[in-house]
Number of protein chains: 2
Amino acid sequence: MDKKLIQELIDRYVNVSFKVTKKAETLIKEQIGNDLTNDQHYMLRYIHHAEKCTSSELAEAFDVNKSAITAIINRLVEKGLIDRKRDETDRRVVYLTLSQSGTDLFEKTEKRIHKLVESIITKFEREEITGFIETYEKLSEMLQKMEKEQLGE
Amino acid sequence: MDKKLIQELIDRYVNVSFKVTKKAETLIKEQIGNDLTNDQHYMLRYIHHAEKCTSSELAEAFDVNKSAITAIINRLVEKGLIDRKRDETDRRVVYLTLSQSGTDLFEKTEKRIHKLVESIITKFEREEITGFIETYEKLSEMLQKMEKEQLGE
DNA sequence: CATGAACAATTCAACTGTTTAACTATATTT
DNA sequence: AAATATAGTTAAACAGTTGAATTGTTCATG
């Protein structure tokens, strides 16, 4: 690729990724409503998918310090959406799971987000959107690898 | 498209967009360093591109209330990176511009971010990345339109 | 087996970004 | 001239974040 094209692509990527990220956050917030923040919903999503997980695991997945996770989890425990339970064999570890009302709220909200995404995805041709998501996934893997390499240095 | 495929695509999209957004934020923060937050850099980027703009314009571009903009701009003015100047013909309006050191810091940091993006983009085939960015841009336009429709309702 | 290192999680202080409501100052409408 | 609208700021309250210190637990090794 020649330099000029690369520069153009970089500009376009930086620009479009900023816009889409911003707008997506806003649209998701509209689906979620006032019971939860976006970050709190993402937290419920992760735990729902994992069924059971630890603060350390969340800190790694969300790329933040463990103390940030403690703060978010505290708020979700206060709302009765998450349960904390110590591991009996290693009492340093605390397992997090969704409570029944946490599961209910998550599933209700996630359904609305899925409908939003569906309404967008279905406006594309099948080939275009599958190709897009495939490249997006490649990008994701690439970023994971970059992190590992940095840790290796 | 059949329902099963759509469901699969939604799942994959929700999953991958979360991961990429998170990781990209982290990587950008590494490029920016400790002089600025990511949001502050994005603010400088917008003003740099516009050359001159108002709080209201920023509030719309960033999808937040004007008071959130005031807070961020205050911090950037304190750091000497942005200048405020009242419009002489309509004294309600305040124009924001980058100071010399604001311009310097922005350009230095943006260069690092561009290198980061370049290092990623150039790992893809030309057709794949251009197709990806084109679809991404379509998506962006679609989201803009959705907002207008909502306002119209 | 005792002690020190390692580890999981939490607490706390300080900060950034956000919303909402109230407010100031200015401009426009009628 | 008075009412209304607009641009921006302020203040209180909250969510999310970092970084350092702390608590409680486990593990290694001398």
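Please read these numbers as outputs of a predicted model, since none were measured by experiment. Residue numbers start from 1 in every chain, and the chains themselves are labelled A, B, ... in the order their sequence lines are given, proteins ahead of strands. Basis for what follows: all heavy atoms, side chains included, without hydrogens, waters or symmetry-related copies.
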Base contacts versus sugar-phosphate-only contacts with protein, heavy atoms under 4.0 Å: please encode nucleotides 19-29 of chain C as B, S and - from 5' to 3'.
BB-----BS--
Between B:A71 and A:A71, which has a closest nucleotide on DNA chain D that is more 5'?
B:A71
Is the gap between the ring centers of A:F18 and B:F62 under 6.0 Å?
yes
Between B:K52 and B:Y95, is NZ or CZ placed under 6.0 angstrom from the six-membered ring centre and within 45° of the ring axis?
yes
Partners meeting side chain to side chain donor-acceptor pair (under 3.5 Å) with A:K138 (sequence neighbours left out):
B:E128
Starting at atom CD1 of A:I82, determine the distance to atom C1' of C:dT10, rounded to an integer number of angstrom.
16 Å
Give a yes or no on whether a salt bridge exists between B:E8 and B:R12, defined as a side-chain N under 4.0 angstrom from a carboxylate O.
yes
OP1 or OP2 of D:dG8 less than 4.0 angstrom from a side-chain nitrogen or oxygen of B:S56, does that happen here?
yes
Rounded to whole angstrom units, what separation is found between the NZ atom of B:K85 and the C1' atom of D:dA7?
18 Å
Does a side chain donor of either A:Q7 or A:D11 reach within less than 3.5 Å of an acceptor in the other side chain?
no
Would you indicate, yes or no, if C:dT11 has its OP1 or OP2 atom less than 4.0 angstrom from a side-chain nitrogen or oxygen of A:T70?
no
Rounded interatomic separation in angstrom, taking CD from A:Q40 and P from C:dT18:
16 Å
From CD of B:E78 across to P of C:dC15 the rounded distance in Å is 11 Å
Regarding B:T37, tell me which of base, sugar-phosphate or nothing describes its non-hydrogen contacts under 4.0 Å with the strands shown.
sugar-phosphate
Ring pair (Phe, Tyr, Trp, His ring centres under 6.0 Å) filter on B:F132, not counting sequence neighbours, yields A:F132, A:Y136, B:Y136
Round to a whole Å and report the spacing from CZ of A:R75 to C1' of C:dT10.
14 Å
Presence of B:R84 side-chain N/O under 4.0 Å of D:dG8 phosphate oxygens OP1/OP2:
no
Between C:dC15 atom P and B:D39 atom CG, what is the distance in whole Å?
18 Å
Does any donor atom in the side chain of B:S67 or B:N65 lie under 3.5 Å from an acceptor atom in the other side chain?
no
A:I32 has an atom CD1; how far is it from atom P of C:dT18, in whole Å?
16 Å
Which of C:dT11, C:dG17, C:dA9 is nearest the side chain of A:N74? It is C:dT11
Taken to the nearest whole Å, CG/B:L36 to C1'/C:dT16 is 13 Å
